[in-house]
Amino acid sequence: MSQATRVNPNQRFNIHTNASRSTFEEQLALLQENSQKTSERHRQKWARPVPNINPDFDPIIFQQFEVDECIDQSSSMRSPMIRMFGITEPYFYIPAPVGFKNDDIAEFQTSLEYLLQRDMRSQGRQFVSKIEINLKETIQGYHGNRKCPFLKMYFSDTKAMSLAQAGTFKFKDRPLSQVTFESNILYVLRFMIDCKVTGANWIEIPPKKYRIIPLEERDSHCQIELVTCHAPDGEWSKIAPLRILSFDIECAGRKGIFPEAKIDPVIQIANMVTIQGEDKPFIRNVFTLNSCAPIVATDVIECYDQAEMLQAWSNFVVDPDILIGYNIINFDLPYLLDRAHHIGAKGFPYFETRFSSKAYGIRDREQKEEVHHSIITDLQNGNDETRRRLAIYCLKDAYLPQRLMDKLMCLINYMEMARVTGVPFNYLLSRGQQIKVISQLFRKAFEQDLVIPAVKTEGNQVFIAAFSNYNVNLNSKPYSLGTDEQFEGATVIEPEKGFYNVPITTLDFSSLYPSIMIAHNLCYTTLLDNKEIENLNLKAEVDYITTPYNSARFVKPNLRKGLLPTILEDLLAARKKAKAELKKEIDPFRKAVLDGRQLALKISANSVYGFTGATAGKLPCIEISASVTAYGRQMIERTKQEVESRFCIANGYKHNAHVIYGDTDSVMIKFAAGYVTEKFLNPIKLEFEKVYFPYLLINKKRYAGLYWTNPNNWDKLDTKGIETVRRDNCLLVQNVVETCLRKILIDRDVSGAEEYAKKIISDLLQNKIDMSQLQPHSCLAERMRKRDPGSAPTLGDRVAYVIIKATKNAPAYEKSEDPIYVLENNIPIDTNYYLENQLSKPLMRIFEPILGNKSNSLLSGDHTRVTKNTTPTVGGLMKFAVKTPTCLGCKTPLKGNDIPVCKHCKPKLGELFQKQLDVVNSLEIHFARLWTQCQRCQGSLHQDVLCSSRDCPIWYMRKKAQKDVADATGILERFNHAW
DNA sequence: CTACGGTCCTAA
DNA sequence: TGAGTTAGGACCGTAG
């Protein structure tokens, strides 16, 4: 097939896209009245070439990204339809009653149909399409590999199906099994599994198997009957040239009030469209309300009416595959939709159906540099030059190449995940981990004629499906796990805390839990109970194993190879393959794809264990998960023993090995004092792949060390669980701890680290630490700071705050204050609080193992006795205290602000004036420098600074510098009264 | 003052 | 058709 016949992925929206394209063109004519040239350029750029394909000769090949479910309105059946793929009918299974024959189907179907029509309150329609008998096996438990008859029941719609599966079945007045099979799987996923479609794979529709639907028939039935689904390997692991629309909006908020869609207009929308794989955007434009001066390499679309602008934009957004932008899910998109609704802009319904109903997105907590709301309005209300400045700002937010690249890599990882697990792309964003395991489980089960029960949970007790065909107790049997109980997890070896200035060897099991499941054949399909052991006359150790968890028993692979072990083997093998290919690959983009793939495979393998242990989940099996962890505990314990008993002086080695720590699947080993000899290295060469040297072991799950994988260079500073990797600490703590660790572990300079820590403490007590460093820096705080109408923090949100001085033992809520307020009102920060409550403990934890008792001097030395230039305060009353003016020479209180000095200091007036002038000058220089820095960050030296991001450290410094200048100038002015 | 439970985040 | 697991440190507020 030729390149020309390959169709863009969005061809899947044939019906809708064509429809919108016609209105798009209509509305373009409208737009042209305003800006003919520009819109013409747009149309040419945006519109995907309508491919000239002939259904008789050309196949359609595309990478599908979305599979969804809708009702086919045109069909008299109102059939459910998977868009672009065709029609499939939902179904589920129940075990057939004993003795059920093909002849019984008609009678059964009639009775079921009757019940459904009654319950659906619809007499004329047929709900049960078909019932057939299939030989299947339940996934739950080993039953001697016997297949049994199941009734596969097809329905005309999903609602009827869910009604049927919730009801009680009867046949010839005998109640049937309450347990249904495969009735609780998402319809879309069901379809994909049955058709062997995986997320983001390539679909090929051969010639003559489709037809191009004329516009006037665009709602009619899709005629595609046969498609080829390419498994995502080799050639078909490629990625379609996606169109990525990156955009940003600006709203004209009222002064000091967060913009609300009902009131405040959208004034600009900047857009960039990039094709994946190309480094420059091929469309760069900005829609502006009112006139706007030209911008280089950018189409400026001037609109003179709010509704017109929104319409023009919604028409512009015909066909992107991916939308990105700062917080567009939570702010930009909802705002646009609300606004369009409010002002009655036309053309949004289409837009709405595509982007609002399924609003899902990759969580994006980046901080946008904000233009202050009041400034936006001023710029908007200015002339076309000021609006141009705003537009440039808006464009800058829409396009950041690095961000684009990051998002793309992220996208690739997701895509690989979709392909590996088989779920549609959007599930990865909107669903959890379970669905991925379910998808794989159903796929593999399908191949082996296994059916999966829809388990019912009652409280915390999970009931296994039980039914007559297997002669298992018809009354459901609860798991051995009682209500509220948790199963035991992994072992964490008690750490021998301390600083190790010797190489610490680490051994770890790769993919421990998956390997355990494979090695011991742990699976739903291999789990045994007493009854089956008796029935099938199975022999312990010969036919089955008993795990260390409550004597759970599983048959050996020769009787039946478990489904989970098969899935895991496939995943691990695929990962091995991906890693091998990754090693050979040179092209960076394909490298990233492969890396994403191997990562996806690893995560997939690891989440199988979690799935079996999810008591509130779809198919929990504590026998499996608890056996896995029980084996794991045995293994780590044994590893410790083996290492210590084998590598010891008694066995002819030079040193005794000693396990100083271990967690779940790893052990850290110290080989006595000093170095490790060559002779000793040899026999366990492979295991020396990873070494920490030096190594600081602080506590369980808390350590840091220099990580080596080859003897010549260290790879990285690895820190686990320490403040540096935790997001709930303020920046000051993170930075200090990080720097101290680097100095100690990399530079091996303990005293340098001490000095550094002392300097920081001294700076802190002298108020020299910038405020942005003192704010809690958790992701919750960021979430709270998101642009959010009404902007009042909801319960549970964390607010940006700093701790200020208040009366001793004042409750925390009296001591915390908004940083902006603090800055503007000169409220003293409680530096001691930060030292005692935030900095001291983390620092002590690091220095204590190295310095012992000496480390106390860090917190009590001379550096802590600096003069504190803060005003003493009395709680909240401080706000009302009137500051008494003092003499600028000797600080004696004065009667009024009119004079600068007392009479004793009057002779020094000139000298004091000069001094103050110097102060003002140097502060102004400092301020100017920060100003320039902000301008540089903004990308231009010729404009005012618009940024007021609360996260930017420079911003706080600048704000503080500005205030310092103002204060110093105020003092200077007092001299005016003297002459 | 300590003990304890709740919250948050991380290790694996 | 809502949700992977357990172990565990650090911190905070409160009960006693």
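In what follows, chains carry the letters A, B, and so on, assigned in the order in which the sequence lines appear, proteins first and then strands, with residues in each chain numbered from 1.
- When the P atom of C:dG8 is taken as reference, atom CZ of A:R845 falls 17 Å away, rounded to whole Å.
- OP1 or OP2 of C:dA10 has at least one side-chain nitrogen or oxygen of A:N699 nearer than 4.0 Å.
- What separates CD1 of A:I452 from P of C:dT1 is a distance of 13 Å, to the nearest Å.
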Query - Test ring pair (Phe, Tyr, Trp, His ring centres under 6.0 Å) applied to A:Y707 and A:Y692, step by step - result: CA-CA 5 Å; A:Y707 185 96; A:Y692 282 113; 5.5 Å; yes
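- The two residues A:L563 and A:C523 come nearest to each other via the heavy atoms N-SG, 3.1 Å.
- Taking only side-chain nitrogens and oxygens, A:R702 never comes nearer than 4.0 Å to OP1 or OP2 of C:dA7.
- With the nearest nucleotide of DNA chain C identified for both A:L186 and A:Q434, A:L186 has the one nearer the 5' end.
- Regarding A:L512, its CG atom lies at a distance of 15 Å from the C1' atom of C:dA7, rounded to whole Å.
- The shortest non-hydrogen separation linking A:S625 to A:Y609 is O-CE1, 3.7 Å.
- Contact check, A:Y703 against C:dG8: no side-chain N or O comes under 4.0 Å of OP1 or OP2.
- Atom OH in A:Y834 sits about 15 Å away from atom P in C:dC11, given to the nearest Å.
- Taking atom OH of residue A:Y513 and atom P of nucleotide B:dA11, one finds them 16 Å apart after rounding to whole Å.
- With C:dC12, B:dT10, C:dT1 as the candidates, the nucleotide lying closest to the side chain of A:R727 is B:dT10.
- Heavy atoms of A:S183 sit under 4.0 angstrom from at least one base atom.
- Look at CG on A:L619: it is 17 Å from P on C:dG2, rounded to the nearest Å.
- In this structure, A:D663 atom CG and C:dT6 atom P are separated by 15 Å, rounded to whole Å.
- Checking C:dG9, B:dT10, C:dG4 against every side-chain atom of A:V725, the shortest atom distance belongs to B:dT10.
- A distance of about 14 Å separates the P atoms of C:dT1 and C:dT5, rounded to the whole Å.
- No contact: A:V437 has no heavy atom under 4.0 Å from any strand.
- Contact annotation for A:D665: backbone-only contact, meaning every heavy-atom pair under 4.0 Å involves sugar-phosphate atoms and none involves a base.
- Ring geometry for A:F425 versus A:Y414: interplanar angle over 60°, hence perpendicular rather than tilted (30 to 60°).
- Residue contacts shown for A:K618 are limited to sugar-phosphate atoms, with no base heavy atom under 4.0 Å away.
- Rounding to whole angstrom units, CZ of residue A:F487 and C1' of C:dT5 are separated by 5 Å.
- When each of A:Q165 and A:T629 is assigned the nucleotide of DNA chain C with its nearest heavy atom, A:Q165 is the one assigned upstream, toward the 5' end.
- Phosphate proximity of C:dG8 to A:K701: absent, as no side-chain N or O sits under 4.0 Å from OP1 or OP2.
- Taking only side-chain nitrogens and oxygens, A:R726 never comes nearer than 4.0 Å to OP1 or OP2 of B:dA11.
- Checking A:T421, A:T566, A:V420 one by one against A:L571, the side chain to side chain contact (heavy atoms under 4.5 Å, CB included) holds for a single residue, A:V420.
- Within 4.0 Å of A:K436, counting heavy atoms only, lies no atom of the nucleic acid at all.
- Residue A:Q433 places its side chain closer to C:dG4 than to any other of C:dG4, C:dA3, C:dC12.
- For the residue pair A:D663 / A:Y703, no side-chain donor-acceptor distance below 3.5 Å is found, with atom types taken as modelled.
- The side chain of A:K720 contributes an N or O atom lying less than 4.0 Å from OP1 or OP2 of B:dA12.
- Residue A:F847 comes nearest to A:A757 through the heavy atom pair CE1-CB, 4.3 Å, listed as atom of the first residue, atom of the second, then distance.
- No contact: A:E723 has no heavy atom under 4.0 Å from any strand.
- Within 4.0 Å (heavy atoms only), A:G489 reaches sugar-phosphate atoms of the nucleic acid but no base atom.
- Taking atom P on both C:dG4 and B:dA12, the two are 22 Å apart, rounded to the nearest angstrom.
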